[in-house]
Number of protein chains: 2
Amino acid sequence: MADTPEPLFELLNEVAIISQLSGSLFEARLPDGFLVSHFGVLNHLLRVNDAPTPRTLARNFQVPKTTMTHTLSGLARHGLIRFEPNPRDGRSKCVRITEAGRRFHGDAIAAIGPDLAALAARIDTAHLAGTLPALRELRAALDAMRDV
Amino acid sequence: MADTPEPLFELLNEVAIISQLSGSLFEARLPDGFLVSHFGVLNHLLRVNDAPTPRTLARNFQVPKTTMTHTLSGLARHGLIRFEPNPRDGRSKCVRITEAGRRFHGDAIAAIGPDLAALAARIDTAHLAGTLPALRELRAALDAMRDV
DNA sequence: CCATTATAATACGATATCGCACCATCTAGA
DNA sequence: TCTAGATGGTGCGATATCGTATTATAATGG
């Protein structure tokens with residue numbers, strides 16, 4: 001199964017381009033002052049349905065702690081997340097999404113709806129949906145490989 | 001063919017995560033001071049085998065002109081690209097990859113080789129390779145939708 | 001228990017990304 | 001031909017991202 005990695009590089013290249021283009025599109029639809037990084041954190045918090053620490057989040061996203069600190073402070077400033085004491089570690093805190101954060105997340109997805117519809121009209125979505133399991137496998141593998 | 005966009009959003013989500021994780025991995029292997037954005041430009045220049053203008057590059061990547069100006073100046077400073085006058089537009093210039101840039105590109109890919117091999121060992125690469133045509137279609141559609 | 005080492009979060013400064021404004025050049029239309 | 005509007009690239013400043021250093025706290029081992 002371990003084959004020449006070149007096709008893998010090419011695939012990751014495609015992924016990077018797709019991510020860049022779709023991210024720019026999405027970000028243009030977010031309210032002023034918000035970035036994909038903000039949405040990404042909210043999305044993750046909803047997905048895991050938990051209140052992870054900044055450290056855990058930084059790891060999950062593979063960004064430096066200071067980057068995550070800054071991103072979270074922006075979200076907190078807008079009331080989209082709140083910080084709670086971490087009962088297991090006095091140095092730490094837990095990040096919880098607020099009701100406003102949930103609404104923000106829903107609104108952001110709604111705002112990109114028309115663009116996605118336009119995109120779906122241009123492609124074979126059924127064909128593309130077939131790629132989802134493989135992409136999930138790839139993500140899981142990358143998750144397993146990341147710095148702890 | 002135009003279906004509910006929700007699965008599309010989910011797929012783009014997976015793509016964004018994969019891109020973030022693989023990008024961090026790749027960037028860790030680049031020489032100090034270099035970012036994925038630098039490599040991306042070199043990769044693109046090799047791919048199109050042409051000397052596009054900064055404006056065209058900024059469009060292709062869907063980043064602001066000033067961002068591209070800054071990225072290109074970094075590449076030029078290291079001799080990985082050079083600027084040539086644009087014979088068709090006195091306001092503009094053409095960006096050409098240098099021999100050093102080609103070598104840099106090759107070295108960067110070689111440097112990520114072991115990681116890709118390790119990744120390939122964890123996944124069904126044949127299954128994943130099957131996703132490439134669909135991803136290319138998606139990229140082409142996004143390319144068609146982008147701001148001109 | 002205590003000393004050493006490790007770790008979580010943040011202050012701070014450097015650089016990357018971004019938007020606004022500007023100037024030189026180009027394009028389009030009267 | 002000329003003028004108004006548009007465009008390419010960059011200066012400049014604001015913010016996002018990043019790395020170093022710091023402090024408080026936790027973990028580990030003798």
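In this text the structure is predicted, and so the values were computed from the model without any measurement. Reminder, nothing fancy here: chain letters follow the sequence lines and each chain counts from 1.
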Show me the side-chain donor-acceptor pairs of residues 84-94 of chain A shorter than 3.5 Å, one per line, residues at least two apart or across chains.
{"unit_1": "Glu84(A)", "atom_1": "OE1", "unit_2": "Arg96(A)", "atom_2": "NE", "d": "3.2"}
{"unit_1": "Glu84(A)", "atom_1": "OE1", "unit_2": "Arg96(A)", "atom_2": "NH2", "d": "3.4"}
{"unit_1": "Glu84(A)", "atom_1": "OE2", "unit_2": "Arg82(A)", "atom_2": "NE", "d": "3.2"}
{"unit_1": "Glu84(A)", "atom_1": "OE2", "unit_2": "Arg82(A)", "atom_2": "NH2", "d": "3.4"}
{"unit_1": "Glu84(A)", "atom_1": "OE2", "unit_2": "Arg96(A)", "atom_2": "NE", "d": "2.8"}
{"unit_1": "Asn86(A)", "atom_1": "OD1", "unit_2": "Arg88(A)", "atom_2": "N", "d": "2.9"}
{"unit_1": "Asn86(A)", "atom_1": "ND2", "unit_2": "Ser92(A)", "atom_2": "OG", "d": "3.3"}
{"unit_1": "Asp89(A)", "atom_1": "OD1", "unit_2": "Arg91(A)", "atom_2": "N", "d": "3.0"}
{"unit_1": "Asp89(A)", "atom_1": "OD1", "unit_2": "Arg91(A)", "atom_2": "NE", "d": "3.0"}
{"unit_1": "Asp89(A)", "atom_1": "OD2", "unit_2": "Arg91(A)", "atom_2": "NE", "d": "3.4"}
{"unit_1": "Asp89(A)", "atom_1": "OD2", "unit_2": "Arg91(A)", "atom_2": "NH2", "d": "2.9"}

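- With sequence neighbours left out, His78(B) forms a ring-ring contact (aromatic ring centres under 6.0 Å, His included) with Phe34(B).
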Quiz item: How does protein contact run along nucleotides 8-21 of chain D, one letter per nucleotide 5' to 3', with B for base contact, S for sugar-phosphate only, - for none, heavy atoms under 4.0 Å?
Solution: BBBB----SBBBB-
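- By the ring-ring contact (aromatic ring centres under 6.0 Å, His included) test, Phe61(A) is found to be paired with His44(A), residues two or more places apart in sequence or in another chain being considered.
- Counting only N and O atoms by type, the side chains of Asn13(B) and Arg47(A) include no donor and acceptor under 3.5 Å apart.
- For Arg88(A) and dT25(D), the CZ to C1' distance is 15 Å, given to the nearest whole Å.
- Taking Glu27(A) as the reference, nothing meets the salt bridge (Lys or Arg N to Asp or Glu O under 4.0 Å) condition, with sequence neighbours excluded.
- Residues passing the salt bridge (Lys or Arg N to Asp or Glu O under 4.0 Å) test with Arg29(B) are Asp115(B), sequence neighbours excluded.
- Contacts of Thr67(A) classified as side chain to side chain contact (heavy atoms under 4.5 Å, CB included), with partners at least two apart in sequence or in another chain: Val63(A), Pro64(A), Thr71(A).
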Please output the side-chain donor-acceptor pairs of residues 103-112 of chain B that fall under 3.5 Å, not counting sequence neighbours, one pair per line with the distance.
{"unit_1": "His105(B)", "atom_1": "NE2", "unit_2": "Asn43(B)", "atom_2": "OD1", "d": "2.6"}

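- Comparing the axis of the opening five pairs of the helix from dC1(C)-dG30(D) to dA30(C)-dT1(D) with that of the closing five pairs yields an angle of 30°, rounded to 10°.
- For residues 106-147 of chain B, no pair satisfies ring-ring contact (aromatic ring centres under 6.0 Å, His included), with sequence neighbours left out.
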Identify all pairs in which a protein N or O lies below 3.5 Å from an N or O of nucleotides 1-3 of chain C, and state each distance.
none

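- For Thr69(B), the side chain to side chain contact (heavy atoms under 4.5 Å, CB included) test picks out no residue, with sequence neighbours left out.
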